[in-house]
Amino acid sequence: MSGTIPASMQAEFRARIDQLGADGDGVCRAEGAPIHVRYALSGETVLAEPIPGRNRAVAIEVIEPSPYRVRPPCSLFGRCGGCVLQHQSSEATLRWKVEQVSAALRTAGFGLPDQIDTAQSAPYTRRRMDLAIRRLHGGALLIGLHERGNETVVDLDECHVLEPALFALLRGLRGVLARVQAVRREGSLLVNALDGGADLLIATDGPLNARDRAILAAFATENAIPRIAWRAEGTQDTPEIISQTAPVSHRFGDATVQPPPGAFLQATASGEAAILAAVLAGLPPKLPRSGRIVELYAGCGTISFALAERARVLALEGHAAALEALRSAAGGRRIETGLRDLNRQPLLAKDFAGVGAIVLDPPHAGAGAQMREIAASGVGHVIYVSCNPAALQRDASQLADSGYVLEKVSVIDQFLWSARIEAVCVFTRKVVVRRGPMPRPNRG
Ligand SMILES: C[S@@+](CC[C@H](N)C(=O)[O-])C[C@H]1O[C@@H](n2cnc3c(N)ncnc32)[C@H](O)[C@@H]1O
């Protein structure tokens, strides 16, 4: 969305909100163009104040409230960019998320199943968060999330989504990082609450000196943190392990994985469970134990180990360290792994010959070139785990064009009070399965 608010609405204006946009903001129309009004809900009339230079506004007074408006639980709501929908009941937000996914699938060309399953994570259960670090001129340190639309860091002195133990850890870390000279002006912190303890990946805009390392190592020991890793801010360098007090471990089913620093993890344990249940429910009921599943974008194996209970799995992933974690834990299971950049080198349609099901969990941008090959493969079951309805719409339209139907949809709200939406969609196509060799992983 670009442009600015029409000249006739440069001052405060009354806005009648038609709907929520994909970003969770209310949308009204002015002179034919949509204007996004923050903190306004569908059906409301609000007094809105334009944000200078943008076609966005902020609700400053609610004139006619939505029946779903509630009091936001967090005092940082409206400043911290982490939550955008605390002023709407969680039930109404879940319905809105279902509608967003439904609209994407309808636009892609599918009829919807009679029932859409839903799951919603509870407050205080987020186990992964990417935070910003900012040093103020006086030396004090902020750890938190950016304000919406700008780089100001809002110190997270209250949070209703994070697991309490992680939140408590941040409290201590704030004082510790204030003493770390490598944080000159800014940095970032990725916290993962693994089963074996918290895993921290810190990035700073200056180099770590020996004193910094000692400070971080002492913090790890005092707080029983298995691992702290570091890398230079703004890079994707392989993280350096600063402190390792215990083995890093996380369980996927009966497998124990050692995820790399900053590893992708589903945002909540209950969200992960809902995703797994929906994926397993979407597998063909008669998949023989000797059958084959190709899993794309497998990460460290969140889904792979559960799939391997049902059939042989070929798990492909583009991030070498994540794949290595999966591969190391896969011993004795029916999991073959392959390192592959599926954008540059997608599996081809013919590579899927004889495969009983494809499970894919692509990044935010969607499956890109890989999707065309999946659609052309004719594999009977395609189970798509989505974290972005817009990408889902693009990718699913290729399945619609290839004659797939939509069997099942589950919408999972594991990013409570945000506009982020997860969905698991099961697409099927009646085909005669071609027999052929298992696709060969491309070992990197
Ligand atoms: C949404 S995560 C899902 C990971 C895993 N399925 C899980 O649930 O933990 C997407 C995964 O895709 C991987 N990925 C991103 N781009 C890729 C590419 N071009 N080729 C292969 N894998 C890619 C990421 O490294 C990440 O592990």
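Counting convention: from 1, in listed order, for ligands and their atoms alike. Count residues from 1 along the sequence. Reckoned from all heavy atoms, side chains included, excluding hydrogens, waters and symmetry mates.
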Numbered atoms of ligand 1 (with element) below 4.0 Å of [X], judged on heavy atoms:
X	answer
L342	18 (C), 19 (N), 20 (N), 21 (C)
A298	5 (C), 6 (N)
Q266	7 (C), 8 (O)
T302	7 (C), 8 (O), 9 (O)
R340	20 (N), 21 (C)
H319	25 (O)
D341	18 (C), 19 (N), 20 (N)

Matching residue for D413 among K97, R95, R420, R126 - test: salt bridge (charged side-chain N to carboxylate O under 4.0 Å, His left out) = K97

Could you tell me whether ligand 1 has any atom less than 4.0 Å away from a heavy atom of [X]?
X	value
A322	no
E272	no
A365	no
C387	no

Tell me which one of S304, A315, P362, P363 gets a heavy atom nearest to atom 15 (C) of ligand 1.
->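 Comparing heavy atoms across S304, A315, P362, P363, the nearest one to atom 15 (C) of ligand 1 lies in P363.
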
For [X] and [Y], test the side chains for any donor-to-acceptor distance below 3.5 angstrom and give the result as yes or no.
X	Y	result
N150	E147	yes
W230	T204	yes
T245	T221	no

Apply salt bridge (charged side-chain N to carboxylate O under 4.0 Å, His left out) to the pair D25 and R148, showing each step before the final yes or no.
-> CA-CA 12 Å; D25 290 342; R148 287 188 72 192; 2.8 Å; yes

For the residue pair Y124 and F167, is the inter-centroid distance of their aromatic rings smaller than 6.0 Å?
->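 Here the rings of F167 and Y124 have centres that are no less than 6.0 Å from each other.
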
Hey, what's the ring geometry for Y39 with F77, parallel, tilted or perpendicular (30° and 60° as the breaks)?
->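 Perpendicular, since the angle between the ring planes exceeds 60°.
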
